[in-house]
Every structure is written in structure tokens, then in C-alpha cells.
Amino acid sequence: MELPTKTRFNQIIIERPEKNLSIIKSFVSSPPISLENKVGKIFGLIDVKSNQATAEALVDFIINQIQTKYYQSVTDDVTPNIDLETFFESTLQKINVAIATFLETENIKIDLKKVNIIIGVIREQQLIFTQIGRINIFLAQKLPRYGYRLIDILSATKAVIQDPDPLKLFSQVIAGQIKINNLLLLASDNIFDYFSSDSIKNVINQEKDRKNVFFKMFDKVGSQENFGLLLIEFEKNIFTKPAPTTNTIRPMTEIQTKDSVKNMVDNENKTQSLLTPSLMPEIKKYSKMITQAFSNYRQKIKDFSKPGKKNLRRFNPQNINLNKGINDFKKSIHLPKQTTRIKDALSPLSDKARDTIRKVYRQPKWKKFLHQIGDKTTWIFKKYQRLPAKSRGLLLISITLAIILTAGISYMNVQAGKKAQLAEFQAAIDQAQTNANDSAASLIYRDENLARQKLIEAKNLLTNLKPVDQQQTDQITTLSQNIEAQMIGLRHLVEINDITQIANFKNLDPEAQTANLLFKLGNEVYTQNITNKSLVEADLNSRQLSAIFSDANAVTGIFKNGVEIDGKNLLLVNEAKNAFLFNQDNETIRPGILNTNSTIQIAGLTMFNNRLYLLDSANNQIYRYNPTSNGFGSQTNWLTDSPVDLSNAVDLAIDGYIYVLKADGQIYKFDRGSQVELKLATVDPAFVSPSKLKVPANSNYIYVLDAPTKRIVVFDKNGNLVNQYTSDQLADLKDFVINETEKRIYALDGTSVIGFAIK
């Protein structure tokens, strides 16, 4: 059975035997179709900057070994569902051993820094390759209406060019998916010393006889260097009956001429199709209207030229008779019968208008105004009556033509506006589609963050569009659905299905309301019941609840901040910035010491190496405190870098580095008093109001709570998005603690303590 994807390999090698400065070879395996179905087709390009015979022997050995060992590893139990990446890596391990043995036994001395190799395998649209040295590998991505664009795969994947190790020559593997109609381009490093990327792209965009065009282009170079290029094209494998061939051969010049003429005619037709809809119908329509107007008004001129006395009555608003006025006006200008039907249909409106006019006329100021209008109208009409008949006719014609012209200009402006709006809409749709395509391309190189950014930009473009008809609405809907389908896997959403309610503090106090704090000491979790100011405790094993009240000397108020000190004690700070110490063993709450000044605004507390760190969002500072016998002593400024904007900071955490969470979801990272770079991945949906930040000791992860979106978002220490834990059952998240050993999170949701598993 043939594969549904057709892969075409074009090998272009230009060698200058007279100089023999380097060795360039490409290869493409031709396995039986059964093997190709299972493990794909091996290919490669090798460029060694050496003219030693031993270098050529090494190249031949590598080509022979990779093809032999790869297909020899295919056993009967290997199926097309095999993990191709693992299979390829296992073959490379064998090749590494074989090459190291070959170099040693043959006593070959070669500078491996001069060896440049790409070896890959393609099965269907799956691409896996390994690379050493400097070989170019580009993806030529086909874009609608824009031709091809070149993407440097090694740069996009941020692959590091490492010094080759003779004992482990192939140590880096890159994998991805290639779309139909895209191309893969492997090229020796020196090609771009003589040709720009645009010239390479121009050849690819020709789509006809690319191999010969490349060959001629490289062969014309005056340099004596060797060039190597491997062009791989991906197409749908369409099974069709071959078209019958004829013996008629036209000269190439004739074919080119006819094609050129055809293109010119096509362009002319396209130009006419663009111009005709916007101008020709309007010209014809207005021409017909003008002709009809001249015909009508020639008759009017004749009527006006007939002798007879023309009676003129002064306009008097008091004598308004709408029905009589309409009938007289109808008779005077010979209105057609359709007008009578219109009048009958508008009769209710006419009655309403008449009543309104009467009411208005009863007002003195309007009465005076209507008299002035009547006088002015009478004066104009007298002037008009004194004109010769022909002048009156020409005047009417001029007015009519002016109205027609104005209407035509207005209509054309409206049409132009519609076209501009349509063009703007289509440009936004095209850009959104391009972003979606770019996102898919980014995934080939496993750059999920860039893929998310592109899809979010596309979503925003579509959100801001205002469709004017159903067709545009359907376009937006279809593209939005496609973008949403792409985004689903990139969100890393984990729906929490195993939420366990451990305790509900309303069972202890029906009026209970909890603070936005949760602490875990051993098997107990703690928060404050702000209704009676007690510290409430829940045992995670027995689920027993209890309340702990302070003594008479410790009026706690409401706790706003707190931190675990040493596994047995908590430091708690109320709204007045007064400190209290809680001891789990004797269950006492007593006043403690925390030296702060009145300008400090505490946004978060954390402990590290027996020292307390306090985030002050008002003064853009982090303070460090040393412990005392009853709390913590004087503060020391920990931030030494230039001022950092912490005005909207909401929490901090520490693992040696200090992390500060801001209200917009940004996380700042600091090392020894200075800010260092932490590039956080884009999340979707975006953060709304993140409030809690956790970085457990010896953890590889950063946890952020965003209560409005019912999420706990997990990043790794490099800022990459790992998971987003969410559930509609999370009604009022306030705080959480993590037990990575048990792979479990405990959260305070309203007045309940809940628990759920994490990955």
C-alpha cells in the first residue's frame, strides 16, 4: 500500500575536482515500501572541510552504517505505530559506537570541528533529525497568497551547536511535523556566502524544475568551492490514471510566449472585473436618469410657456389644510397613481403630523417663525414666477441634475466606504489566519509559548471585528473555531475531578468567615475565623476541627499576612502590622516583635535560612530580618539594584532566588539583591487577579493562584507553562499549600479545606 504523503528528494551537489577543498555528499535511502511504512526513509547531507582520503573514508563509513544499522534494527514486531523518535535515537547510539571504533581501529586523525552533518528520517509528515557542525536546515512554509517563507529550524528550536565528541558524535535530536505543500531545505554552510535567502526563496517560489534552476545557479559561481543542497518536497499522493501522451512537441519559446500572452490577458480581465462593478452600472444608471429628466422637463417648459394668468396666494399657516394641499400639489405636477397609494398608506402619519403642526403653531415663538418662513417662501416663489419659462425649466433641470450628482457622489462614497471596510475586514482575517499558521509552524519546533502568543493575537483580531453580514459572521466563526481547536492542547488545562472536602469550618461556627490565609504544620492546616478572631485548625487525617483563641493580652484583630517559621511556629501579622506568634505544641497565640515603620505596606512574607523576608509594595523594597528571642529585629534593605516597580506586587516566595508576583500576573526574579531575567510563558485565558505565589523548597516549579478564573497555574523554573489545574467546583479560592512528595494540593475554598492530586 502506498503512503498518502508523497515525498520528493532533489539532490544538488556541485564538486570542483580540480581544487578538492572539501567533501560534500548527500544520500537518500530506498527501502522496500513495507520498511518505509514502518520506519520511514533515511536521508542526509555531509560536508567535511578537508581533502584527506581519511575524511572521505569516514563519510562513506557513516553513510553506510546509518542506512545499514537503521533498517537492520527493524524486527517483525515493529509496526507503523512505533515511537519513531526512540527508534531513531537507539540507532544513533549504535552509530556513535561504530564511529568511535572505526576512528580508533583505522587510526584516523581528523579534526571533528570540520565535520558538518545532518542525518534525518521522514515517515509521512513526521520529521526527526540529528545535526553536528554547521549545516543549514530550513523549512519553506507555504502561505496563502504570499508564496513561501524560509524558517531557520535550528534557530527556531534554539539548538546549540556543540563541539563534537568522538565518543558520542550524535547527541542532539530534533523532531516535528511537516505540513503538506511545505519543503525542507538542507544546504552546506557556504551557500549563504554567495546567495541571499531571498534568492533561494525566489527559486522555491517558482515551483517548476527547482533542481535544475538551483544546479545552474550554483554552477555559475566563480568560486572553486563545492556546494551541496538537498531539497525535500511534501505533497499529497494522489492516485490518478496517467494522461495519454502525444508526440507533438512545441518549441520552448512558443510555450513561453503563449503563456505570457495568457497572463497578460488574464491581468487585463482581472482589471476590468475590478473596475466594472464600481463605475459602469452607476454611469449607466445616472445617464438614464438624466435622459429621462430632460425628457420630462422639456414637457414642463412647454407647459410653463403657455399663456395664462398665474394666481398666487400668500402662505398662511392658519389656513393649513393638508388634504387639500396634497390634492392641489398632486394636480399641479401630475403625480402618478402610485402616489395616491403612498398617500393612503401614510395617512395615519399625515394625521399625526397635522396634529403636531397645530400644537406647534399655537406656540407664539413658532407662530412667528412660521410666518417668517411663509414670507420667505412666497418671496422666492414670486421671483421664480417672474422668470421666463425657459429659465424656469433650465433652473429645474439644474436643480435636478445637482440632486442626481449629489446622490451619485454620496452613493459612490458609501460604496467606497463599504469597500474599504471590506478590505480592512479581509486584512484582519488574513492576519488572523497567518498567525494561526505561524502558531502551527512554531509547534514544529516545540515553541509552545510562541504558538500561544500567535493564537492569542489571532483571537484578539477576530474579537475586535464587527461583521456586517452573515458571510463575515460565518468567516469569523469558522476561523475562531479552528483557533480554539489549536489552542486546546496548548493551554495544558487539567480538569480536577477528584476534589475531596477535608473540612468545613462552618461546622465549627455557622457564622464562620475565613481569612485569605492557609498554613500547614505537619498533618494540620490552619486559617483564621475572622468572625470571632480565632485560629481554626483541621486535622488532615481525622478531619477533626478545633478553634484556638488568644489570651487576654493578645488582641489579634484580623490576620492579613503570615508565614511558617520552622515547622512548629507561625508568624501572623494583622491589619495594624502587629505581629503574633503561634506555637503548635502548646496552641498559644502571643504577641511577637516585627520592627516595621508606618510607611510599610506588607504584600507578602516568606522565610529562608531562618531569616524573614518582607515585601513592601509601598516603598518598592524587600526587607530582610534576623530572628530574635521573641520575633524579628531591625530591617535591612535586601534589594540593592536600581528601583524596581513593586507598586502592585501581591506576594513573594523564595528558594534561594526571590520571586515576586504582581497583580497583572508578571513574576519578577531576584538574585542577591538584583533583578535577573525570568521570561514567563503566555497563559490563556490571561490572569485576572493572581494573589498567591508558592515555590516549595527543592521544587522545580512555580505555582500561582488566580481565584477569579478558578485556577492554580504551574510554571517550571524557566518560565514554561506546565499545567493549569481548574474546576467549576472551586467557588472562592483564597490560599493553598503544596505537598509535592504526596503530589497533592490543599486549598482553602471559602470556608472549606479541600484536597486534590497533581501530576
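What you see is a predicted model; the values in this text were computed from it and never measured.
The cationic atom of K669 (NZ for Lys, CZ for Arg) lies less than 6.0 Å from the six-membered ring centre of Y657 and within 45° of the ring axis. For the pair K692 and F736, the NZ or CZ position fails the cation-pi test of under 6.0 Å to the six-membered ring centre and within 45 degrees of the ring normal.
Checked for salt-bridge contact, K710 and D749 miss the test: no charged N lies under 4.0 Å from a carboxylate O. Ionic pairing of D706 and R711 is present here: one or more N-O contacts between side-chain nitrogen and carboxylate oxygen are shorter than 4.0 angstrom. Contact check on D684 versus K459 returns a salt bridge, with a Lys/Arg side-chain nitrogen under 4.0 Å from an Asp/Glu carboxylate oxygen. One finds a salt bridge joining R491 and E484 here, because a Lys/Arg side-chain nitrogen approaches an Asp/Glu carboxylate oxygen to under 4.0 Å.
Rounded to the nearest 0.5 angstrom, N720 CG and I702 CD1 are separated by 10.0 Å.
A donor-acceptor contact closer than 3.5 angstrom links the side chains of N212 and D209. No side-chain donor from either of S196 and D198 sits under 3.5 Å from a side-chain acceptor of the other. At a cut-off of 3.5 Å, with distance as the only test, a side-chain donor of Y668 or K662 sits close to an acceptor on the other residue. Side-chain contact of Q426 with D430: a donor-acceptor pair under 3.5 Å is present, judged by distance alone.
You'll find the ring centres of Y194 and F218 outside the 6.0 Å limit.
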